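The analysis underlying the following values was restricted to heavy atoms, covering all of them including side chains, and did not include hydrogens, waters or symmetry mates. In this text the structure is predicted, and so the values were computed from the model without any measurement. Numbers for residues simply follow the sequence, beginning at 1.
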Amino acid sequence: MAFEQLTDRFNSIFKKLRGQARLTEANMDDMLKEIRIALLDADVNYKVVKDFIAKVREESIHQKVLETLSPSQMVVKIVRDQLTDLLGSEDAALNIPTTRPIVIMLVGLQGTGKTTTAGKLAYYCKHKLNKRVLMAACDVYRPAAIEQLETVGKQVGADVFTLGTGTDPVEIAKKAKEKCFNDHYGALIIDTAGRLQIDDALMDELNNMKDAVSPDEILLVVDAMAGQDAVNVAMAFHEKLDLTGIVMTKLDGDARGGAALSIKYMSGVPIKFTGTGEKMTDFDVFHPDRMAERILGMGDVLTLVEQAEDNISEKDLKRTANRAMSGKFDLNDMVDNLKSVQKMGPLSNIMGMIPGMPKIDKSQMERVEKETIRIEAIVNSMTPEERAHPEILKYSRKVRIANGSGTTLTDINRMLKQYEQMKDQMKQVEKFTKSGKMPTGMGGFGR
């Protein structure tokens, strides 16, 4: 995940700071120097870093941090506020008209994930904004671009308008807008052509399209892995097209985070959405304050709750809660819970949103994912009675299940132990709801 290295650096810096009884000008300078190096190592633009350090220093002096008894807390707050300001200060919402369809142009270079982003944006408009979506296939140059958009459209339940590869892209956009308005769609997403690099022909075509359809939003799709090149691209596109927002893709990759921390400050264009995976649901509204807190290792509980609400139905939650409270929690429920967590995305992302949770590396995540697959295979090899009443599982039954699931008796015994731990946790939650006393010793997988 992007920012992991920067988060580790910030945690190390603030840990040292908490060890200081008082903050002096000397150790303040040392801290700012370390923050400066950490940001530069994360590929943040030099000018951005210089201004950021100056603002943190100025704010620290203004708030008289050196004279306070708990300077580390104040410094963390100042750094958080300045990071939020760098990332955009406030959420940048879509400009949604109240009386007509919203028209969105997606622009960008080749290889940034523009067509996939069109699908994710269509899914967002359909499921979050409750709009019927039409996508326009205006990339007539890249081989199979139209077919790719049609495939994406089927995935998300959006219609695709195309006039083939022999038509002027500007004409396709105009006709698509006419269809959108005449057929009462709620949103039009125009997937434009990209280039390997910015050129006059590309910009002329995009400008002509802009004049023809008068979009409400012109969103630039950039790759977080591109670093400062993404910043330069944003500045060039903004100069020519007057962008309204940015979609940053591949934030789930190994990007150092420099592009995200530099792009708003340098270009003046806010990040509106982020792509965090390959699924159509891996698409999030960008919240600068939440991202700043994640960078500082404070978690992001609000986004975690929103993802849970998106992926786990209220009916399923109530069912699980009722079964847990009535003591009927069985192996079917355990597998259903694991599947629900998987729907929310990579485990490392989920862990990163929970304050104080330890960092999980790739090998640990792979072990957990394999364990989940193994548990599902074991439960699927059981009879309905065994799933509902695992206490009847004796040696002969376990041997049959192990043979049927391609696992071992050790695997089955470990899974049953994990089930008992989860069941005990449910009982503690029930006691808590009745007594108000916080449950203790909450266990988990991997113990």
Side-chain angles (χ1 to χ4, degrees), residues 94 101-129 131-196 201-203 205-206 208-210 212-223 233 237 241 243-250 272-284:
L94 281 179
I102 180 174
V103 178
I104 303 171
M105 267 181 67
L106 284 185
V107 301
L109 298 181
Q110 282 186 13
T112 57
K114 191 152 32 62
T115 300
T116 300
T117 298
K120 292 181 176 183
L121 185 58
Y123 184 93
Y124 173 83
C125 288
K126 181 177 179 180
H127 294 276
K128 293 287 189 177
L129 305 181
K131 294 185 179 295
R132 184 164 162 248
V133 183
L134 178 67
M135 296 194 288
C138 293
D139 184 354
V140 299
Y141 310 108
R142 182 169 60 89
I146 295 174
E147 289 83 352
Q148 183 188 355
L149 189 67
E150 289 175 331
T151 300
V152 167
K154 288 178 182 178
Q155 280 183 263
V156 300
D159 295 331
V160 175
F161 180 86
T162 175
L163 294 176
T165 57
T167 309
D168 177 19
V170 176
E171 187 64 22
I172 296 172
K174 287 171 63 177
K175 295 292 186 184
K177 183 177 179 180
E178 289 176 13
K179 179 176 176 60
C180 178
F181 279 57
N182 292 338
D183 293 354
H184 307 293
Y185 284 88
L188 172 64
I189 299 171
I190 302 172
D191 183 29
T192 66
R195 297 283 195 279
L196 294 176
L202 169 66
M203 288 303 178
E205 179 177 290
L206 294 176
N208 291 337
M209 193 177 295
K210 174 186 173 182
V213 301
S214 301
D216 302 290
E217 294 276 358
I218 304 177
L219 302 180
L220 173 69
V221 181
V222 297
D223 184 342
V233 168
F237 268 86
L241 295 172
L243 300 172
T244 60
I246 288 168
V247 181
M248 186 160 284
T249 64
K250 302 181 186 176
K272 293 198 173 186
F273 297 99
T274 59
T276 54
E278 295 181 1
K279 294 188 294 185
M280 290 295 134
T281 52
D282 296 334
F283 188 71
D284 300 318

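For the pair L129/L94, a side-chain contact is recorded, criterion being any heavy-atom separation below 4.5 Å from C-beta on. Taking the side chain as every heavy atom from C-beta outward, C138 and I190 approach each other to under 4.5 Å. In this structure, Y123 and Q155 have side chains that are not in contact, with every pair of non-hydrogen atoms separated by 4.5 Å or more. Using a 4.5 Å heavy-atom threshold, the side chains of F237 and M203 count as touching. Using a 4.5 Å cut-off on side-chain heavy atoms (C-beta onward), C180 and F161 make no contact.
Although no hydrogens or angles enter the test, the distance criterion places no donor-acceptor pair under 3.5 Å between the side chain of K131 and the main chain of A187. Judged by distance alone, the side chain of T116 and the main-chain N or O of G113 form no donor-acceptor pair under 3.5 Å. The backbone N or O of L106 lies less than 3.5 Å from a partner atom in the side chain of T192, making a donor-acceptor pair.
Applying the salt bridge (charged side-chain N to carboxylate O under 4.0 Å, His left out) criterion to K154, with sequence neighbours excluded, gives no partner residue. The side chain to side chain donor-acceptor pair (under 3.5 Å) check on K179 picks up D183, with sequence neighbours excluded. By the side chain to side chain donor-acceptor pair (under 3.5 Å) test, Y185 pairs with R132, D159, sequence neighbours left out. For A137, the side-chain contact (heavy atoms from CB on, under 4.5 Å) partners two or more places apart in sequence, or in a different chain, are I146, L149, V160, T162. Judged as a salt bridge (charged side-chain N to carboxylate O under 4.0 Å, His left out), and not counting sequence neighbours, the contacts of E217 are K272. Taking the side-chain contact (heavy atoms from CB on, under 4.5 Å) definition, one finds that Q110 meets it with L196, sequence neighbours left out. Looking at residues two or more places apart in sequence or on another chain, you find a side-chain contact (heavy atoms from CB on, under 4.5 Å) between K210 and M105, N207, P215, I218, D242. With sequence neighbours excluded, the residues satisfying side-chain contact (heavy atoms from CB on, under 4.5 Å) with T167 are L163, E171, I172.
Here the closest non-hydrogen pair linking K250 and G111 is NZ-O, 3.6 Å. Residues G108 and L220 come closest through the heavy atom pair CA-CD1, 3.7 Å. For the pair D216 and P101, the tightest heavy-atom approach, listed with the atom from each and the gap, is OD2-O, 3.8 Å. Across every non-hydrogen atom of L243 and V107, the tightest pair is CD2-CG2, 4.0 Å. For the residue pair A173 and M209, the shortest heavy atom distance occurs at CB-CG, 3.6 Å. What you find for M135 and A118 is that their closest heavy atoms are SD-O, 3.6 Å.
Each salt bridge (charged side-chain N to carboxylate O under 4.0 Å, His left out) pair with one or both residues in residues 105-124, not counting sequence neighbours, would appear here, but there are none. Within the structure, every pair that satisfies the salt bridge (charged side-chain N to carboxylate O under 4.0 Å, His left out) test and touches residues 139-148, not counting sequence neighbours, is listed here: D139-R142.
From M280, atom CE reaches atom NZ of K126 across 13.0 Å, with rounding to the nearest 0.5 Å. For the atom pair CZ (F283) and OG1 (T274), the distance works out to 7.5 Å, reported to the nearest 0.5 Å. Taking CG of L121 as the start and CD1 of I189 as the end, the distance is 4.0 Å to the nearest 0.5 Å. Distance CD1/I104 to SG/C125: 4.5 Å, rounded to 0.5 Å.
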(request) Go through the steps to decide whether F181 and V103 satisfy the test side-chain contact (heavy atoms from CB on, under 4.5 Å), and finish with yes or no. (result) CA-CA 10 Å; F181 279 57; V103 178; 4.2 Å; yes
